[in-house]
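Sequence lines set the chain letters: A, B, ... in the order given, protein chains first and strands last, and positions in each chain run from 1.
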Amino acid sequence: MSGERRVLDPSEEVGIYACGPTVYSRIHIGNARPFVVFSLLARFLKSEGYAARLAINVTDINDKIYTAAAERGIPSGELAREMTAAYFEDTGRLGLGRPDAEPLATDTIKPIVELISDLVESGNAYESGGDVYFSVRSFEGYGKLSHRPTETMEQGEGDDAGSLKRDPLDFALWKSHKEGEDTHWESPWGPGRPGWHIECSAMAEEVLGDLPFAIHGGGSDLVFPHHENEIAQSEAARGRPLAKVWMHNGMIETKAEKMSKSEGNIFQLSEALDRFGSEAVVAYLVSGHYRQPLAFGEEQLNEAVARVDRLRNFLRSNPPASAVADGGPLPPGNGPEAPGRGEGAHSGEAAHAVDRFRDALADDFNTPRAMSELFDFVRTANHEPVAGAGDAVVEMLWLVGLESLAEARQSGPDEGALGLLAEREQARADRNFDRADGLRDELAGLGWEVRDSAEGATLVPRNGG
RNA sequence: GGCGCCUUGGCGGAGUGGUUACGCAGCGGCCUGCAAAGCCGUGUACGCCGGUUCGACUCCGGCAGGCGCCUCCA
């Protein structure tokens, strides 16, 4: 809120609440950024010994859901369920596990109604024609997050509801049931549904407990009015701050323009995952600092693929001793027990690299700097073997959600391929290079890339597999 | 107009008052039968104009350009 960085108190639980998507369509890369950033932040904090708990909500009640459902001619609840499932599937494919809690607005109606009631009782909200509005002028600190004077603001969620407000600044906590809306809930003010902002205030304290919690996150486009309104609601109702620290991720941009559903310049997460693979998508998202805008394009994704291939190659020649390499999929959200700072079993040089990597993350979660430490170490260890290099790299990769690079994605070569490889080795020994190259091409056709080394030839799956 | 942010080499993207970020691409070389992988080397990078300073890409001021929010949006 002050724009300054803060040091977390290690003795307290670190509750993290990040605003998730509104589920009226499939999510795009931009929506994936906060999911990745805050999932990894929670992962990092846990590995540093903090009692971190991450909540990312799903907004499944919203005007846009009604509109989108009407266009498709299906019930809004059905659309919301479908898109919620798609969201879980798409983000699940990122391989980062799930947040500790993922509350739905539709499951939080009771706490929402209670919170609104508290605000009405305290005089910070009023009922008007079946709607309930938050009285912005009743809350002194309004505008402190986004640094705006109240005189310059006017908000109306949409359109015609303005006439029911006492003040144009006010925003809706509860909206009465309207014609054409196929879902509604009971409340002391009649049937209706919650406004957009109140759900987050209610869900956050439901899931994270007493205010304030440690970190509130979300996209920078939510600073005003969404987060400003959350602060107003929660602080007015509880007399305590909502969150201690606010972390806002920058926007993904195409051609220097924010990617957004309303701009129509979106690139769906599922398509990116299909075309470039989950590791490349994650590697792309950690390539910039979370606060800054990040340029998006196919070139950027292709670069991420190249980076990820480089790391995979390193792990092939520096296999980690830990179980990650030969084990199956990691337990969701957990992964290996990453050793804390300085506790690693690796040698000095490798341990120092991990420390520098962790230091970068500890400094306002600077993932690009952390990645530069990783690549620095990879180059060094490629130049001259370093003891424990594989384990160190896996630990670093785990911290940014890329530990799957240590797994063999495909089964090993079959006997046919190995036979061809043996034939090629024989041909080379006979200095019959035309024959050897022909066999290499044949293997390429089967999806194998031949790599010769001093220890002999090996087969590696093509296309990064 | 108000609030906030940004401008780094071909591209992406960190960072610091005085040493190479890092990655991708390019070029030259090493290794190799040839490749691949890897390694080494390489490109007067910090929008413009002033100021502070022994010294600024890094601090201050101004200018130009760009972006986000101010209506739903990660």
Side-chain angles (χ1 to χ4, degrees), chain A residues 3 18-22 24 27-38 56 59 62-64 67 143 145-149 151-159 196 217-226 228 248-253 256-263 266 283-284 286-289 291-297 299-314 316-317 360 363 366-384 427-428 431-434 436-437 440-441 444 449-454 457-458 460 462:
Chain A
C19 288
T22 300
Y24 64 96
I27 67 164
H28 55 70
I29 294 253
N31 299 300
R33 175 123 96 147
F35 183 91
V36 170
V37 165
F38 294 105
I56 300 180
T59 296
N62 184 278
D63 289 334
K64 296 210 165 188
T67 308
L145 176 69
S146 55
H147 308 289
R148 298 159 200 268
E151 297 73 53
T152 66
M153 304 185 259
E154 179 164 341
Q155 52 189 320
E157 277 182 65
D159 44 321
W196 176 38
S220 60
D221 53 351
L222 297 181
V223 173
F224 184 89
H226 184 55
E228 200 69 69
H248 292 286
N249 63 271
M251 300 293 101
I252 301 286
E253 305 182 330
E257 204 176 53
K258 171 186 169 186
M259 180 182 291
S260 79
K261 292 169 183 173
S262 41
E263 294 288 340
I266 62 168
Y284 161 70
V286 298
S287 71
H289 186 98
R291 271 193 279 111
Q292 301 305 138
L294 185 60
F296 175 85
E299 189 182 350
Q300 277 67 238
L301 268 307
N302 282 323
E303 281 186 18
V305 170
R307 277 200 296 277
V308 147
D309 282 344
R310 178 170 166 78
L311 295 168
R312 200 182 271 120
N313 281 332
F314 180 83
R316 270 197 264 266
S317 42
D363 181 13
N366 194 327
T367 52
R369 210 178 93 205
M371 293 305 279
S372 103
E373 297 293 351
L374 169 60
F375 280 107
D376 231 11
F377 178 70
V378 163
R379 178 170 24 75
T380 302
N382 268 328
H383 185 60
E384 195 159 331
R428 291 181 70 210
R431 304 197 66 77
N432 183 353
F433 295 122
D434 285 346
D437 291 347
R440 181 163 62 197
D441 291 343
E449 180 182 303
V450 179
R451 289 186 187 170
D452 296 326
S453 75
T458 54
V460 163
R462 301 178 81 208

Practice prompt. Look only at the side chain of A:Asn249 and the backbone of A:Arg291, and say whether a donor-acceptor pair between them is shorter than 3.5 Å.
Written response: no
Practice prompt. Once you apply the 3.5 Å cut-off to both distances, tell me the Watson-Crick or G-U wobble partner of B:C54, or none.
Written response: B:G18
Discussion item. Run the side-chain contact (heavy atoms from CB on, under 4.5 Å) test on A:Tyr284 and A:Val305 for me, step by step, so that the C-alpha distance in whole Å, both residues' side-chain angles and the decisive distance to 0.1 Å come before the verdict.
Written reply: CA-CA 8 Å; A:Tyr284 161 70; A:Val305 170; over 6 Å; no
Worksheet entry | Length of the CZ-P vector between A:Phe375 and B:A25, whole Å | 11 Å
Discussion item. Looking only at the side chain of A:Arg379 (C-beta and beyond, no hydrogens), which of the listed nucleotides B:G68, B:G38, B:C40 gets closest?
Written reply: B:C40
Practice prompt. Between A:Met371 and A:Ser453, name the one whose nearest nucleotide on RNA chain B is closer to the 5' end.
Written response: A:Met371
Discussion item. What is the distance, to the nearest angstrom, from the CG atom on A:Asn62 to the C1' atom on B:C72?
Written reply: 7 Å
Worksheet item: Is there a donor-acceptor contact under 3.5 Å from the side chain of A:Glu228 to the main chain of A:Ser146?
Response: yes
Worksheet item: Can you check whether A:Val450's main-chain N or O pairs, donor with acceptor, with A:Arg440's side chain at less than 3.5 Å?
Response: no
Worksheet item: Rounded to the nearest 0.5 Å, what separation is found between the CG atom of A:Asn313 and the CZ atom of A:Arg451?
Response: 4.0 Å
Practice prompt. Would you give the length of the straight line joining atom CZ of A:Arg369 to atom CG of A:Asp363, rounded to the nearest 0.5 angstrom?
Written response: 5.0 Å
Fill in: Integer-rounded Å distance: B:C69 P and A:Asn249 CG
13 Å
Worksheet item: Using the P atom in both, what is the distance from B:A25 to B:C40, to the nearest Å?
Response: 16 Å
Fill in: Gap in Å between the two C1' atoms, one belonging to B:U42 and one to B:C6, rounded
31 Å
Discussion item. Rounded at 0.5 Å granularity, tell me how far CD in A:Gln300 sits from OG in A:Ser287.
Written reply: 8.0 Å
Worksheet entry | Any A:Lys258 side-chain nitrogen or oxygen under 4.0 Å from OP1 or OP2 of B:C69 | yes
Discussion item. Which nucleotide, if any, forms a Watson-Crick or G-U wobble pair with B:G10, using both distances under 3.5 Å?
Written reply: B:C24
Response to the item:
Between the OG1 atom in A:Thr367 and the NE2 atom in A:His289, the distance rounded to the nearest 0.5 Å is 7.5 Å
Worksheet item: Toward the 5' end of RNA chain B, which comes first, A:Gly20 or A:Glu253, by nearest nucleotide?
Response: A:Glu253
Discussion item. Without decimals, in angstroms, what is the distance between A:His147 NE2 and B:G68 C1'?
Written reply: 14 Å
Discussion item. Under a 3.5 Å cut-off for both contacts, is B:C69 paired Watson-Crick or G-U wobble with anything, and if yes, with which nucleotide?
Written reply: B:G2
Item to complete: Calculate the interatomic distance between A:Asp221 atom CG and B:U71 atom P; express it in whole Å.
Response: 14 Å
Worksheet item: Among B:C69, B:G23, B:A36, which nucleotide sits nearest the side chain of A:Arg310?
Response: B:G23
Worksheet entry | A:Asp441 CG - B:A36 P separation (whole Å) | 13 Å
Worksheet item: In whole Å, what is the span from the CD atom of A:Glu257 to the C1' atom of B:A74?
Response: 16 Å
Distances for protein N or O near nucleotides 31-33 of chain B N or O, under 3.5 Å:
unit_1	atom_1	unit_2	atom_2	d
B:G33	O6	A:Arg424	NH2	3.2
B:G33	O6	A:Arg428	NE	3.3
B:G33	N1	A:Asp437	OD1	3.0
B:G33	N2	A:Asp437	OD1	3.4
B:G33	N2	A:Asp437	OD2	2.7

Practice prompt. In whole angstrom, give me the gap between the C1' atoms of B:U58 and B:C46.
Written response: 10 Å
Detail all sub-3.5 Å separations between protein N/O atoms and N/O atoms belonging to nucleotides 11-15 of chain B.
unit_1	atom_1	unit_2	atom_2	d
B:C11	O2	A:Glu303	OE2	3.2
B:G13	OP1	A:Ala295	N	2.9
B:A14	OP1	A:His289	N	2.8
B:A14	O3'	A:Asn366	ND2	3.2
B:G15	OP1	A:Asn366	ND2	3.1

Worksheet item: Partner of B:G33 by Watson-Crick or G-U wobble geometry, both contacts under 3.5 Å, or none?
Response: none
Worksheet entry | N or O in side chain of A:Thr22 less than 4.0 angstrom from B:A74 OP1/OP2 | yes
Discussion item. With a 4.0 Å limit, can you tell me whether A:Asn382 has a side-chain N or O closer than that to the phosphate oxygens OP1/OP2 of B:G38?
Written reply: no
Worksheet item: In whole angstrom, what separates A:Asn302's CG from B:G26's P?
Response: 13 Å
Item to complete: From the options B:A74, B:G23, B:C40, select the nucleotide whose nearest atom is closest to the side chain of A:His383.
Response: B:C40
Worksheet item: Between B:U20 and B:G43, how far is it from one C1' atom to the other, in whole Å?
Response: 14 Å
Discussion item. Taking the C1' atom in each of B:C22 and B:A35, what is the distance between them to the nearest angstrom?
Written reply: 28 Å
Practice prompt. Rounded to whole angstrom, note down the C1' distance from B:C70 over to B:C11.
Written response: 33 Å
Worksheet item: Would A:Arg310 and A:Asn382 count as having a side-chain donor-acceptor pair, cut-off 3.5 Å?
Response: no
Practice prompt. Using the C1' atom on both, measure B:U16 against B:C72 and round to a whole Å.
Written response: 41 Å
Worksheet item: Now, which nucleotide makes the Watson-Crick or G-U wobble pair with B:G47, with each of the two distances under 3.5 Å?
Response: B:C63
Worksheet item: So how far is it from A:His28 NE2 to A:Phe296 CZ, rounded to the nearest 0.5 Å?
Response: 10.5 Å
Worksheet item: How long is the gap from CD1 on A:Ile252 to CD1 on A:Ile29, to the nearest 0.5 Å?
Response: 7.0 Å
Item to complete: Name the nucleic acid region contacted by A:Val450, choosing base, sugar-phosphate or nothing; use a 4.0 angstrom heavy-atom cut-off, strictly under.
Response: base
Worksheet item: P atom, B:C59 versus B:U7: distance in rounded Å?
Response: 11 Å
